[in-house]
Structure formats: structure tokens, C-alpha cells
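The structure under discussion appears below in the form of C-alpha cells.
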2 protein chains.
Amino acid sequence: MAIFSKTCEYGIRAVFFIAHKTAKGNRIGIKEIADGIDSPEPFLAKILQDLSRKGIIQSFKGPHGGFYLDESSLNRPLSDVVEAVDGNSLFNGCGLGLKACSEINPCPLHNQFKEIRNSIYKMLKDTTIGTFNDELLTGIFSLKK
Amino acid sequence: MAIFSKTCEYGIRAVFFIAHKTAKGNRIGIKEIADGIDSPEPFLAKILQDLSRKGIIQSFKGPHGGFYLDESSLNRPLSDVVEAVDGNSLFNGCGLGLKACSEINPCPLHNQFKEIRNSIYKMLKDTTIGTFNDELLTGIFSLKK
DNA sequence: TCAATAAAATACTTTTTTATCTTTTATTAT
DNA sequence: ATAATAAAAGATAAAAAAGTATTTTATTGA
């Protein structure tokens with residue numbers, strides 16, 4: 001098992017890619033994004049449509065249309081993307097799958113998981129969609145392969 | 001998305017349950033385990049057969065048969081259970097799903113995920129199947145609901 | 001207005017995960 | 001030996017996730 005669903009992995013890679021490709025007000029098409037992050041195009045289209053509907057990214061139809069990010073979207077934490085796609089069970093669900101697990105009715109690993117969930121949440125909250133724009137321009141980070 | 005698959009959640013809950021129910025040399029049947037951890041019985045049977053085949057737990061057929069744990073199984077780290085069921089991608093896979101992600105070809109979140117994976121691994125390595133036997137006897141921990 | 005462009009929406013297929021059901025094998029006690 | 005017990009094995013089924021294809025809507029520029 002991976003931490004995120006495939007949908008979420010593609011979604012995060014896509015928002016990073018869109019961020020660094022549309023830094024100066026332009027837009028980018030689904031084909032180029034899918035190619036840039038090595039994902040199946042029609043599947044990614046659905047993911048981005050969903051993120052667009054939820055206001056996480058922006059889009060525009062027609063010629064010279066495409067996906068882009070406005071200023072406030074660039075500053076969104078990655079946790080918003082994850083929550084939009086995978087929900088918030090990663091941040092507050094029980095590690096052993098118990099619905100009623102809580103401080104007063106804990107599973108054996110309750111406290112251990114609380115720490116881990118918090119560190120995942122903190123990491124995603126402290127990283128914005130635009131965080132890596134500079135580094136992506138220099139090519140030191142990979143979003144495909 | 002949860003951290004573990006359903007299969008793995010049931011597996012971990014089951015080994016904890018078997019550990020505390022068979023502390024004094026006896027065995028426990030699949031029905032009682034499924035009931036004790038609130039899991040679908042035939043599905044759990046599959047999981048336990050697999051764990052038994054892999055030597056993570058022990059079993060015995062026939063009257064008074066059932067599942068149990070020998071001394072060395074009780075001292076196994078939980079990471080062995082997780083690895084047997086979900087594989088080791090949780091411990092060494094890329095958070096963004098990139099096959100070739102590594103120190104020399106990192107994804108943007110490579111270092112952040114390394115820390116998180118390490119803390120998950122450490123937690124599972126430091127916890128053995130028998131770790132909670134005493135606490136489970138007192139009923140302070142829940143394995144169902 | 002019309003053709004071209006590109007995302008949105010919808011419907012569908014495949015694969016994987018989760019779950020169930022049936023038959024077989026091993027063991028015990030009578 | 002035989003009947004009862006309980007896990008092992010195998011075959012199927014249902015649900016969810018991943019992926020594809022087709023049609024519709026919005027926008028632009030000629």
C-alpha cells in the first residue's frame with residue numbers, strides 16, 4: 001500500500017507541474033500536463049476537472065484555454081489537495097480501521113498513529129502548491145518516472 | 001485513504017487478539033477471532049491462512065485446533081505482519097508514486113517522505129505482536145468498533 | 001455565423017480489493 | 001474405522017479504484 005491513492009499521486013504531481021508551468025499568467029493543456037507527469041491523460045482529466053470544480057485549481061475552456069493557478073491557489077497547502085481527493089481519513093482515521101477509536105476508546109496503536117498522522121498533516125500543511133516552483137525550474141526535482 | 005489495506009488492518013488486529021487470547025499455550029478458532037475483532041469470518045480466514053503459510057502465526061487442524069503463537073512469533077515486530085500482507089512499499093516507495101524516485105532523482109517531497117516512512121517503520125519495528133498482551137487483558141484497548 | 005480548440009460531463013471497461021461459498025485435508029475422540 | 005472438528009484450499013461474487021471513450025459546452029478568431 002502506498003500512502004496516497006493513484007488519483008491523489010497524480011493530483012499532487014499535476015498541481016506542482018501546473019504551478020511551475022503557469023508561473024507567468026499563461027495556461028497549460030491537459031495533454032502537456034499528462035505528458036509532463038507521466039499519467040494517463042483521460043484519467044488525469046477527470047482528476048483535474050474535480051479539483052477545478054472544488055476551486056483548488058483554475059481552468060478556462062476554448063482556444064488558449066487550459067489549467068492554471070491564481071495567486072491564492074498557489075499558496076494553498078498540499079493538504080487541501082489531498083483532502084479534496086482522498087478525504088481526511090489519512091489525517092484523522094484510526095490506523096487499525098476502527099470507527100470508534102478515540103482517546104477514551106483507543107486501539108493499541110492509537111497514540112503512535114496520532115504522532116504519525118500529525119507529522120503527515122504538518123508536512124502537507126507546511127508545503128504549498130507553489131513551494132517548489134524555483135527548484136522545478138532548475139530541474140533538480142522529478143515529477144515523472 | 002487509510003495507511004494500511006483492510007487486509008492488513010484485520011491482520012494486525014487479529015495477531016494482537018490471538019496473542020492475548022493464547023498466552024497460556026491454548027488455541028483459538030477463526031470464529032472467535034472474527035467475532036473478537038469484528039471482521040468478516042471467511043475473509044479473515046484467508047488472511048490468517050496466508051500469515052500461517054508465511055510462518056507469522058501458527059495453526060493446527062482438527063478438534064481443539066485453531067490459531068496460536070509460539071514464543072518467537074510473539075516477539076516478531078509488527079513490521080513483519082505489515083510486510084507479509086501489504087509488502088514493503090509503505091517503507092520504501094515514493095510518496096508521489098514515482099518508480100525511479102531516489103536520492104539522485106528525487107521527487108519534490110522525497111526528503112519529507114523519507115522521514116515519515118522512517119517513523120512509520122520505526123514504530124512498527126519497535127512494537128511486537130505480544131507488546132500489548134497485558135493491556136489487552138485489562139481491557140483498556142479496543143480491537144473492535 | 002462558423003470552424004477550431006479545449007475543458008466538462010457522461011457512460012463505460014478493466015483491474016484490484018474485499019468478501020463469500022464450497023470442498024478438501026488433517027486431527028481427535030469414540 | 002468412523003464421526004466430529006477445524007483449518008486449508010479453491011472457486012466465485014460484489015464493490016471500489018483505475019483507466020478509456022464519447023458527447024457536450026464554452027470560448028475564440030476568422
Side-chain angles (χ1 to χ4, degrees), chain A residues 1-15 18 21-22 26-35 37-69 82 84-87 89-90 96-97, chain B residues 1-15 18 21-22 26-35 37-69 82 84-87 89-90 96-97:
Chain A
M1 282 272 295
I3 296 258
F4 303 125
S5 66
K6 229 86 198 57
T7 304
C8 195
E9 289 176 354
Y10 292 145
I12 295 174
R13 276 150 61 191
V15 296
I18 297 169
K21 283 289 186 181
T22 64
N26 49 327
R27 299 169 186 144
I28 184 172
I30 182 69
K31 198 162 301 192
E32 203 180 335
I33 304 171
D35 186 63
I37 68 167
D38 196 28
S39 77
E41 188 192 314
F43 188 37
L44 182 64
K46 287 230 295 219
I47 299 167
L48 295 188
Q49 279 159 27
D50 183 48
L51 289 178
S52 172
R53 233 179 291 117
K54 288 172 175 162
I56 308 284
I57 65 177
Q58 284 68 51
S59 69
F60 205 86
K61 286 184 181 180
H64 309 119
F67 295 92
Y68 63 103
L69 296 164
V82 172
V85 175
D86 277 352
S89 66
L90 184 63
L96 299 186
Chain B
M1 283 271 298
I3 296 258
F4 302 125
S5 66
K6 229 88 199 55
T7 305
C8 196
E9 289 175 356
Y10 292 146
I12 295 174
R13 275 150 62 190
V15 297
I18 297 170
K21 283 289 185 181
T22 65
N26 49 328
R27 299 170 186 142
I28 185 171
I30 182 68
K31 198 163 301 192
E32 204 180 333
I33 304 170
D35 187 63
I37 68 167
D38 196 29
S39 76
E41 188 192 314
F43 188 40
L44 182 65
K46 275 284 158 61
I47 298 167
L48 295 187
Q49 280 159 28
D50 182 48
L51 288 177
S52 172
R53 236 179 289 115
K54 288 172 174 162
I56 308 284
I57 66 177
Q58 284 68 51
S59 69
F60 204 85
K61 286 183 180 181
H64 311 120
F67 295 92
Y68 64 103
L69 295 164
V82 172
V85 175
D86 277 353
S89 67
L90 184 62
L96 300 186

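Only a predicted model underlies this, so the values are computations on that prediction, with no experimental measurement involved. Letters A, B, ... are given to chains in the order of the sequence lines, protein chains preceding strands, and every chain is numbered from 1.
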Sugar-phosphate only, base, or nothing, as touched by B:Lys46 at under 4.0 Å among non-hydrogen atoms: base
Interatomic distance, B:Leu51 CG vs D:dA8 P [rounded to whole Å]: 11 Å
ring-ring contact (aromatic ring centres under 6.0 Å, His included) partners of A:Phe60, counting only residues at least two apart: none
Distance test, side-chain N/O of B:Tyr10 to OP1/OP2 of C:dA19, below 4.0 Å: yes
Nearest non-hydrogen partners of B:Lys21 and B:Asn26, listed with the distance: O-ND2, 3.3 Å
Value in whole Å for how far the C1' atom of C:dT5 lies from NZ of A:Lys31: 11 Å
Side-chain-base donor-acceptor pair under 3.5 Å for A:Lys6 and D:dG19: no
Step-by-step side chain to side chain contact (heavy atoms under 4.5 Å, CB included) determination, A:Val85 to A:Ile56: CA-CA 10 Å; A:Val85 175; A:Ile56 308 284; over 6 Å; no
Sugar-phosphate only, base, or nothing, as touched by A:Ile33 at under 4.0 Å among non-hydrogen atoms: nothing
Phosphate-side-chain proximity, A:Ser52 and C:dA7, N/O vs OP1/OP2 below 4.0 Å: no
Short side-chain to backbone donor-acceptor contact, A:Arg27 and A:His64, under 3.5 Å: yes
Bend angle of the helix from C:dT1-D:dA30 to C:dT30-D:dA1, end axes from five pairs each (to 10°): 0°
Gap between atoms CD and C1', on B:Glu41 and D:dA8 respectively (whole Å): 14 Å
Sugar-phosphate, base or nothing in reach of B:Leu48, heavy atoms under 4.0 Å: nothing
B:Asp50 CG to D:dG10 P, straight-line distance once rounded to whole Å: 13 Å
Sugar-phosphate, base or nothing in reach of B:Pro42, heavy atoms under 4.0 Å: base
Atom pair distance, as rounded to whole Å: CD in A:Glu9 and P in D:dA17: 14 Å
d(CE, B:Met1; P, C:dT17) in whole Å: 10 Å
Polar pair under 3.5 Å, donor/acceptor by atom type, side chain A:Gln49, base C:dA8: yes
Side chain to side chain donor-acceptor pair (under 3.5 Å) partners for A:Lys46, two or more places apart: none
Shortest non-hydrogen contact from B:Leu48 toward B:Ile57: O-CD1, 3.6 Å
Residues within residues 54-63 of chain A bordering DNA chain C, heavy-atom distance below 4.0 Å: A:Ser59, A:Phe60, A:Lys61, A:Gly62, A:Pro63
Minimum heavy-atom distance between B:Glu9 and A:Gly97, given as atom pair plus value: OE1-CA, 3.3 Å
Those residues that, when tested against B:Ser5, pass side chain to side chain donor-acceptor pair (under 3.5 Å) (two or more places apart): B:Asp86
Under-4.0 Å side-chain N/O to phosphate OP1/OP2 contact, A:Arg53 with C:dA9: yes
Rounded distance (Å) that lies between atom P of C:dA6 and atom NE2 of A:His64: 8 Å
Atom pair CZ/CD of A:Phe67 and A:Gln58 - distance to nearest 0.5 Å: 11.0 Å
Those residues that, when tested against B:Asp50, pass salt bridge (Lys or Arg N to Asp or Glu O under 4.0 Å) (two or more places apart): B:Arg53, B:Lys54
A:Phe43 CZ to C:dA8 C1', straight-line distance once rounded to whole Å: 17 Å
